[in-house]
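Take a look at the structure set out below.
Below, chain A is the first sequence line, B the second, and so on; all start at residue 1. Only a predicted model underlies this, so the values are computations on that prediction, with no experimental measurement involved.
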Amino acid sequence: MTFWKLFARNRSAVMGLVIIFLIIFMALTAPLFFPADPFSLAGQPMSPPGENGFLLGSDSLGRDVAAGIAHGAKTSLLIGLLATLVAVFVGVIMGALAGYYGGFIDNLLMRATEMFQTIPSFIFAILLVAIMKPSIESIVIAIAVVSWPAVARLVRGEFLSLRGREFVQACHTIGMNDIRIMLAEMLPNCLSPIIVIGSLMVATAILIESGLAFLGLGDPNIMSWGFQVGAGRTLLRSAWWVCTFPGIAILLTVLAINLVGEGLNDALNPRLRERT
Amino acid sequence: MTRLLDIRDLHVALPAGGQRAHAVKAADLHLEENEILCVVGESGSGKSLTARAVMGLLPKPHVHISQGEVMFQGEDLAKASEARMRQIRGSDISMIFQEPMTALNPVMTIGNQIDEVFRFHENMPGKERRARALKLLEDVQLPDPEQTLDAYPHQLSGGQRQRAMIAMALALDPKILIADEPTTALDVTTQAQVLKLIKEMQAEHGTGVLFITHDFGVVADIADRVAVMQNGLVVETGTTEEVLRNPQHPYTQGLMAAVPSLTPRAARARSDESVLSVNKLVKTYSSGGGLFGGKARVVHAAKEVTFDLARGETLGIVGESGSGKSTVARCIVRLNDAEAGEIMLGDTDLRPLGRSAMRAHRSKIQMVFQDPFASLNPRTKVGKIIAQGPLLYGASPEEARARALELLEIVGLDDRAYDRFPHEFSGGQRQRIGIARALALEPQILVADEPVSALDVSIQAQILELLDSIRDRMNLSMVFITHDLRVAAQVCDRIAVMRRGEVVEIGATEGIFANPQHEYTRDLLSAVPGKGWFASETAAAAG
């Protein structure tokens, strides 16, 4: 069965994929539909949805909520993807080295990993951003720093079990060097779980970014959903739309990514393939 | 004699879209009181599923009985409800499995697990239950039954666990005992003891035993009647005498002929030139101890192991699990680092060489692995798996490809295999690919670690033949690790017998078989199942 067929058996995963494509489309077309700066004061403040030319209303300063969501989509997706890529890269290297060499190197790297895991990840991210000054780069770095330990632990476990497999030992006996064994022989065999955990991490990264922006630790020059929710929270009772629509955007994106991640897990995990 | 079990026209359906529609097709079998019926066949013959169908333990709904009946005391078990089957299981029909470690609950004591059987099926005060459990453990000849009752499964050896399983299965004096490869995971000496026990218990209780096995030696030792299965069909049934002495069906004849004989084959001249000499090799494993130290447990896997390998010779290293035979093999190819001793390959001692210094010598010693399913990277094409070695040693891609194709032909696979993935091949074919990979570097020495023990007996014979012809053709020397003395008799020129890390005896195969010096060697030889039943062994049987 092809990969796509396996994936498509999970209806909700396909649904999630459709939502993700819509959000990507929205992020790409934001400058076309909302050419103005999303921070600009576009008209009457506190307009309810549908009035004064605002599709989803405006906030206390008269900024267009719909424009903010469209432009914010790019921020959320970009940060989610970048942070995950960095975290997976670091996590795979650490986990692979620890799992492959074992012994002292394993002990050293895993104790380091545990140190990162003892600090609650969101508080750690706040701390890092506060130290580095809020900007896109510092947010990406902060999210990557709190996310890589999970990848490292996963990859270490996979490498530990692969290390003892006979095909890896056969590579030793023909004199292949360690880096080649790790990259060409072992890594392809644990790609599936890495892809799955990576896809789920994108969702977590988006949540962390929104949380940071909500607390005012986002990049002040870039529109994001978390920033919108944060800006509207004091008006929740008088102008519900300011918080609600960006909140729904976060919810939908994270849900869609989780569904896709779940679908990938079903499709890539051979043990679940027989499940009907 | 009364008929206990009557299986008529049994069909077990497999999920749609598989290779076959039925795992078992139109099987007719019956089991009498006080007899042992062996169902024998190779992997995929449907023998295990037949047993599971009787127990109502098929992995439903994918695999189910589609037709036929399983009559037990006037009742059709194929149609019995799950609740009824629960009553029957354990009390009327019970089962023992291949791997007692996974069949027993690791977090419950043996006593509690036996107790469970009584509690589910009978109303009995606790004291009496304990007394009955104690009696059972005595019956299966476990040492110190009192203590075993309070032991956890991991505290017992494999043989003891299987005895405990048997005790549990016989707790309620069932009419039928189903044994699914109960001795396959055990060492040969333990296997002999467990077989003897099953036979004794069966005779004492008059139980009917349905014994599933792939091993004709075991059949010869234990069966009253035999049913041979092939691809879901029962191809032959009869008494042990009839089937083994005078097999009618060509498949049975083929299987019987494939069982390696215990009579060593004729000795070959031994070359004076030594290619490998291992001197006082020492390897210990330690486990436990963490970041901050702690007490580590030390196991001596090889204690001053010494042997020579002559050019063109095959040296067998035989022994039971934990004897250190695999460790020695892995030390020679430097997958493990030995602590002391010498591994002389020509004039170089391989033991102290570092990783990069070793690389220059790697090509001279190559290894064939045990498990044909784990030894090939599932994501790499067969051609690349074989060509990889020559490429690493500087062959051009064209040369490597030509070499790989040539090797595929030598090991009896056709060119199309080059571009396919390992999962498209059967176990025997995969083992051929593994051998081709090992040969790709044109080694002088081939170390084969149980290369045929994961294969069916007919495939096993083909692979052994292949190894033999390759050895002669390429003038290879071979170190052949095996637990199976039958295989050793057919392949090895000399044999080293190992026990607990020590070589207790070494010598020419014929000499060892005819006149074993060490007591342990004699134990091993006498435990080999089915002596005297197979081709060209009749002479040996007399002695």
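Using a 4.5 Å cut-off between heavy atoms, Arg330(B) contacts chain A through its side chain alone, with no backbone atom that close. Using a 4.5 Å cut-off between heavy atoms, Leu335(B) contacts chain A through its side chain alone, with no backbone atom that close.
Atom CD1 of Ile179(A) has 12 or fewer neighbouring heavy atoms from other residues, nucleotides or ligands inside a 6.0 Å radius. Applying the 6.0 Å contact sphere to CZ of Phe421(B) captures more than 12 heavy atoms from other residues, nucleotides or ligands. For Phe25(A), the CZ atom sits in a loose shell: 12 or fewer heavy atoms of surrounding residues, nucleotides or ligands are nearer than 6.0 Å. Enclosure of atom NZ in Lys74(A) is not indicated, since only 12 or fewer non-hydrogen atoms of other residues, nucleotides or ligands lie within 6.0 angstrom.
Contact annotation for residues 354-372 of chain B against chain A (heavy-atom separation below 4.5 Å, listed by residue number): Arg355(B), Arg359(B), Arg362(B), Ile365(B), Gln366(B), Met367(B), Phe369(B), Gln370(B), Asp371(B). Below 4.5 Å, heavy atoms of chain A meet heavy atoms from Arg437(B), Leu441(B), all part of residues 429-451 of chain B. For residues 156-168 of chain A, the interface with chain B (any heavy-atom pair closer than 4.5 Å) comprises Arg165(A), Glu166(A), Phe167(A), sorted by residue number. Taking non-hydrogen atoms and a 4.5 Å limit, the residue list of residues 377-403 of chain B in contact with chain A, ordered by number, reads Asn377(B), Pro378(B), Arg379(B), Thr380(B), Gln388(B), Gly389(B), Leu392(B), Tyr393(B).
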